[in-house]
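When reading the values below, keep in mind they use all heavy atoms of this one structure, side chains included, and skip hydrogens, waters and symmetry mates. Naming: A, B, ... by sequence-line order, numbering from 1 per chain.
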There are 2 protein chains.
Amino acid sequence: MSIRSRSDSPADAGGPAGSARARNLTHVHPADVPLQAALDAVADPVRRAILCELAGEPDWTRACGTFDLPVGKATRSHHFAVLRRAGLIEQRDAGPRRVNRLRRPEFDEAFPGLLDLVLKETPPAGG
Amino acid sequence: MSIRSRSDSPADAGGPAGSARARNLTHVHPADVPLQAALDAVADPVRRAILCELAGEPDWTRACGTFDLPVGKATRSHHFAVLRRAGLIEQRDAGPRRVNRLRRPEFDEAFPGLLDLVLKETPPAGG
DNA sequence: TCATGTGGTCGACCTCCATCGAACAGTTTA
DNA sequence: TAAACTGTTCGATGGAGGTCGACCACATGA
């Protein structure tokens, strides 16, 4: 397998030191994520809804607050953090908003097929 | 996709009506399993250990009690039931024992890549 | 400076589920 | 019949995590 240098933190690109908020934005490369964490991340329906919405649009175009989710903003923030720690999404501060990107190629390399299953999911019914 | 006739309950093969215990052994075809149930099933480390052990041996050679698991027999029975209802394993009564088979081709067709991820998992560390 | 909008953090609550001991059921052998 | 073995079911328990309201931190614009 290809052990890449996980030091190329992509969120650091965009400034010498970044803002104070951005410095708290820690990312984990999918290659460093245990299978347990990856499965736990995608096992939640709200998080799968986030991933599906994110997959349908270009990178860095969706802020956290723009997702249609049946939970409050505290829970929403929690879910985004779980996805970030599982190597599934990447986040970047854009003014007061935090925009997202689905880490599809990296995650696919670490867990082949898993993200495809999530994105191909047929919504239960009716909705 | 190939919608196969899910009425070919394989556990019924082997007798006209089977024993009383066998009649309570209900199976679910992986094609009828929601993604949520499949993910929930493989998200548990004990169940993944069962799947990995099962994958290393021929079908119908491992009874439930022969698995090396860090849980009591009540919990063990629970986990096997979850795997059965998720379409991951097939069970058959052999005397007082209940032997198992990994439903690898059927499950792979319904959830491509998922079982591979589980079986390729590297045990956390040390051992 | 203030107001607004966005998102994170904290504490608490609550539900789900993994876990266990005990009792029960079925099979085999004596 | 009894004993031994295997596995299930039941009821209870504990912990992990999803959820919320409230408050806090940061960025923008007037």
Separation of A:K73 atom NZ from C:dT9 atom P, in whole Å? 12 Å
Of the nucleotides C:dG5, C:dT19, C:dT9, which has the atom closest to the A:A74 side chain? C:dT9
Closest of D:dT28, D:dG7, D:dC20 to the A:V71 side chain is D:dC20
d(CZ, A:F80; C1', C:dT9) in whole Å: 17 Å
Looking at every strand, decide which applies to B:A81 at a 4.0 Å heavy-atom threshold: base, sugar-phosphate, or nothing. nothing
Between A:P96 and A:D40, which residue's closest nucleotide on DNA chain D lies nearer the 5′ terminus? A:D40
In the structure I gave you, are the side-chain heavy atoms of B:P112 and A:L117 within less than 4.5 Å of one another anywhere? yes
Can you check whether A:H79 has a side-chain N or O nearer than 4.0 Å to OP1 or OP2 of D:dT19? yes
Between NE2 of B:H78 and P of D:dT9 the distance, given in whole Å, is 12 Å
Taking the side chain as every heavy atom from C-beta outward, state whether B:L88 and B:V33 have any pair of such atoms under 4.5 Å apart. no
A:R101 and A:E106 ion-paired at < 4.0 Å: yes
What is the separation between atom CG on B:D93 and atom C1' on C:dG26, rounded to the nearest whole Å? 9 Å
Separation of A:R92 atom CZ from C:dG7 atom C1', in whole Å? 18 Å
Are there over 12 heavy-atom neighbours, none belonging to B:R97, within less than 6.0 Å of that residue's CZ? no
In terms of side-chain geometry, is the basic nitrogen of A:R104 or A:D116 positioned less than 4.0 Å from the acidic oxygen of its partner? yes
Closest to the B:R47 side chain, choosing from C:dA18, C:dG8, C:dT6: C:dA18
Rounded to whole Å, CZ of A:R85 lies from C1' of C:dT9 at a distance of 12 Å
Separation of C:dC20 atom C1' from B:R76 atom CZ, nearest Å, is 13 Å
Expressed as a whole number of angstroms, how long is the span from B:L83:CG to D:dT8:P? 12 Å
Would you tell me if any nitrogen or oxygen in the side chain of B:T75 comes within less than 4.0 Å of OP1 or OP2 on C:dC20? yes
So, is B:R97 near the phosphate of D:dC5, with a side-chain N or O under 4.0 Å from OP1 or OP2? no
